[in-house]
S.K.: 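What follows is a single structure, and I will ask about it in a moment.
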Protein chains: 2
Amino acid sequence: MAVSVTIDDVAAHAGVSIKTVSRVVNREANVSEKTRNKVMAAIEALNYRPNQAARGLAGRRSYLIGVVYDNISPNYLINLQSGMIETCHAASYGLALCPVAYAETGLVEHVMAWVRHSQVDGVLLTPPLTDCAPLLVALEKAGVPVVLVSSLGAGQVPAVVIDEVEAARQMTLHLIALGHTEIGFIKGPAAHSASQSRYEGFKAALAGAGIAINGAYVVEGRFDFDSGEIAAQRLLKGKRPTAIFASNDDMAAGVLHAAHKLGIAIPEALAVVGFDDTPISRQVWPSLTTIRQPIREMGNHAADLLLQLIAKKVLVEDGSSMVFQHGFELKVRGSSQKTSI
Amino acid sequence: MAVSVTIDDVAAHAGVSIKTVSRVVNREANVSEKTRNKVMAAIEALNYRPNQAARGLAGRRSYLIGVVYDNISPNYLINLQSGMIETCHAASYGLALCPVAYAETGLVEHVMAWVRHSQVDGVLLTPPLTDCAPLLVALEKAGVPVVLVSSLGAGQVPAVVIDEVEAARQMTLHLIALGHTEIGFIKGPAAHSASQSRYEGFKAALAGAGIAINGAYVVEGRFDFDSGEIAAQRLLKGKRPTAIFASNDDMAAGVLHAAHKLGIAIPEALAVVGFDDTPISRQVWPSLTTIRQPIREMGNHAADLLLQLIAKKVLVEDGSSMVFQHGFELKVRGSSQKTSI
DNA sequence: TTGAAAGCGCTAACAC
DNA sequence: GTGTTAGCGCTTTCAA
């Protein structure tokens, strides 16, 4: 870390006090246009960059926000991370990573120890950690600002989401429009709120179309490839559905794998659809019909929200909702109807 | 960032000076066993965690190392990241991320600006950035310690790698052992050193088996799925090879996609193999024969090496080589020979 | 083997 | 609108 030019150098160069430089750097009010320009010029001329350690020490902050995640889907995560980094960087903040295993014992203690150790100013929570109520309580008690991604959570925690229920409903309507009435559904783990929402949307579409739901066609997976394959093996035994809606792409890819093994033609003998539009959806054969979420933008938004919370520019008030909904898109590909891909 | 207990509290509790506490925390020599124990007990009792900002300010370091990467393969990256984070965390260091696009103009300036701004104490470079000579020069000139991952680079830069040539050679021998003599090869981008090494291994195996190389069967891709598919379309037109070795899994998956479209049976009519053992290799149909690298462990090792370089426990001396080779593993699956997967 | 003093570069609180 | 002063919590330097 080669830092040489300090705030004193800039102040001297601009002929002002260090406090004024500090004001300009931190975009505070009460600096005349003229002074600001002088200081900016000095910063430019000297190529000055504030020392984060000194800022943090004096300001009692770390200029760091954390993301806690369970590595379920690398594609989802990397995209989310880049969105978050982009926003953090623009605000001279850093992003600290806390990878965990959702199922591990002592999860809450692990995360809280990390929060204390890394001294982050706030925390972004991704699914399924968004659904861990004890963790939310512990963070709240510790006074750490939190923003949830892709999940509503419980209570008043700010969140950046898509309308999962509506997305799943539209996906189901797509299958119904293709003539399917015998539709299998692979749920995610019960503990994930996304599992519930997607299943709800599925049920709503069926109900709307007057199609009775067949309990034997609904099974549960773990959101990963293997569990999708296993679930499909159960669904495809004996009398079977003509379409399967898997709650995410990884499981849908597992369904394709199982169908291939059984020699079932896709989409002629079986339509398969997923959710998330991860790269795997385009890399399997045939490509998966799925739902695209603007993940990177959601990462931007979540980080931005958290920074505002930290700066107390936005306050979480009792009774006010801080849920921000992003749009989604139905991507129709070869796994549900004959196309060129 | 709720930090309350400071080094003074610990010193008071243990009945020593703050310097002694500092010595214990930093594992310095010249502290008696008895004093050390007293201090450790106090740290434990008060649940003390050193303030990174203060450490950084006083010690003129950021306690941060950076990874620069182009998001080519999320799976590879997430695994590498977790390895690096693990090691960093154990050393009370943080990991800062710098995502870039290898092809962008002003890449070197971008990275150097980030290095100055984030004030990292050292940098880890992943492929293909390891092959960007101007960047290596700029980092060296700035006096920033660097470690390369998965690439030899040029000159004396420390690196953590696998023997790519040998791995590609063994993969090719596997195909030859299955009876193939007409083998197609999809290279990676010429600018990546991995592309060269893997191709070399391929050629070495053919030469060793007395098989002449057919120039028409060697094409170049960009290490991504789409380029693999396009390359396969070319290779599979007219007289075609009986096996295709793609230099990474993403391209191999693209080959499978193309073969499926053309109705070519895998592995009966065409054997396909990849490289990297990314999750996609198990998620396509049939599963891909590939080479597994211990990515996470390489992440550990690279971070560890960089920390030693920063602490000057290890020095890069002229004439000494600092290349550390990890083992690899040939994973045989259904895309090259009939198996159950 | 241990400690005292100085100061890293910045922000906060308050003065002007 | 601008400047002064006093630390933030630690490592460094030097002395004991």
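We name chains A, B, ... by the order of the sequence lines, and we start the count at 1 in each one.
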S.K.: Using a cut-off of strictly less than 4.0 Å, decide whether B:N51 has a side-chain nitrogen or oxygen near OP1 or OP2 of D:dG9.
M.R.: no

S.K.: Side-chain N or O of B:S17 versus OP1/OP2 of C:dG3: is the shortest distance under 4.0 Å?
M.R.: yes

S.K.: Within this structure, what is the CD1-to-C1' distance between B:I7 and C:dA4, rounded to whole angstrom?
M.R.: 14 Å

S.K.: Rounded to whole angstrom units, what separation is found between the CD1 atom of A:I18 and the C1' atom of D:dC8?
M.R.: 14 Å

S.K.: Is the distance from OP1 or OP2 of C:dT2 to the nearest side-chain N or O of B:T35 less than 4.0 Å?
M.R.: yes

S.K.: Would a distance-only check, ignoring hydrogens and angles, find a side-chain to backbone donor-acceptor pair under 3.5 Å from B:D70 to B:Y102?
M.R.: yes

S.K.: Measure from CD on B:Q119 to P on C:dG9 and round the result to the nearest Å.
M.R.: 11 Å

S.K.: Mind checking the CD-CE spacing from B:E33 to B:M40? Nearest 0.5 Å is all I need.
M.R.: 8.5 Å

S.K.: Is the phosphate of D:dT2, meaning OP1 or OP2, less than 4.0 Å from a side-chain N or O of A:S32?
M.R.: yes

S.K.: Figure out the CZ/C1' separation between B:R55 and D:dT12, and round it to whole Å.
M.R.: 14 Å

S.K.: Taking only the side-chain heavy atoms of B:R23 (C-beta and beyond), determine which of C:dT2, D:dG3, D:dC10 contains the nearest atom.
M.R.: C:dT2

S.K.: With a 4.5 Å cut-off on side-chain heavy atoms, are B:Q293 and B:H326 touching?
M.R.: no

S.K.: Any donor-acceptor pair under 3.5 Å linking the side-chain atoms of A:S151 with those of A:D131?
M.R.: yes

S.K.: Look only at the side chain of B:Q308 and the backbone of B:L305, and say whether a donor-acceptor pair between them is shorter than 3.5 Å.
M.R.: no

S.K.: If the cut-off is 4.0 Å, is A:Y63 near the phosphate of C:dG9, judged by side-chain N/O to OP1 or OP2?
M.R.: no

S.K.: Does a nitrogen or oxygen in the side chain of B:S22 sit under 4.0 Å from OP1 or OP2 of D:dT11?
M.R.: yes

S.K.: Just how far, in rounded Å, is P of D:dG1 from NZ of A:K34?
M.R.: 14 Å

S.K.: Below 3.5 Å, does any donor atom in the side chain of A:R60 face an acceptor in the base of C:dT11, or the other way round?
M.R.: no

S.K.: If I take atom CG in residue B:D8 and atom C1' in nucleotide C:dG3, what distance separates them, rounded to the nearest angstrom?
M.R.: 13 Å

S.K.: Both A:K19 and B:V31 contact DNA chain C. Taking the nearest nucleotide for each, which residue is further toward the 5' end?
M.R.: B:V31

S.K.: Could you tell me if the side chain of A:T35 sits less than 4.5 Å from the side chain of A:V16, heavy atoms only?
M.R.: yes

S.K.: Less than 3.5 Å between a donor and an acceptor, one on the side chain of A:R36 and one on the base of D:dG1, is that the case here?
M.R.: no

S.K.: Given atom CZ of B:R49 and atom P of D:dC8, what is their separation to the nearest angstrom?
M.R.: 22 Å

S.K.: Does B:N26 have a side-chain nitrogen or oxygen under 4.0 Å from the phosphate oxygens OP1 or OP2 of D:dT11?
M.R.: yes

S.K.: Which comes earlier along DNA chain C counting from the 5' end, the contact point of B:A58 or that of B:T20, where each point is its nearest nucleotide?
M.R.: B:T20

S.K.: Check every strand shown and say whether A:V25 touches a base, only sugar-phosphate, or nothing at a heavy-atom separation below 4.0 Å.
M.R.: nothing

S.K.: Starting from P on C:dG7, measure out to CG on B:L57 and report it in whole angstrom.
M.R.: 14 Å

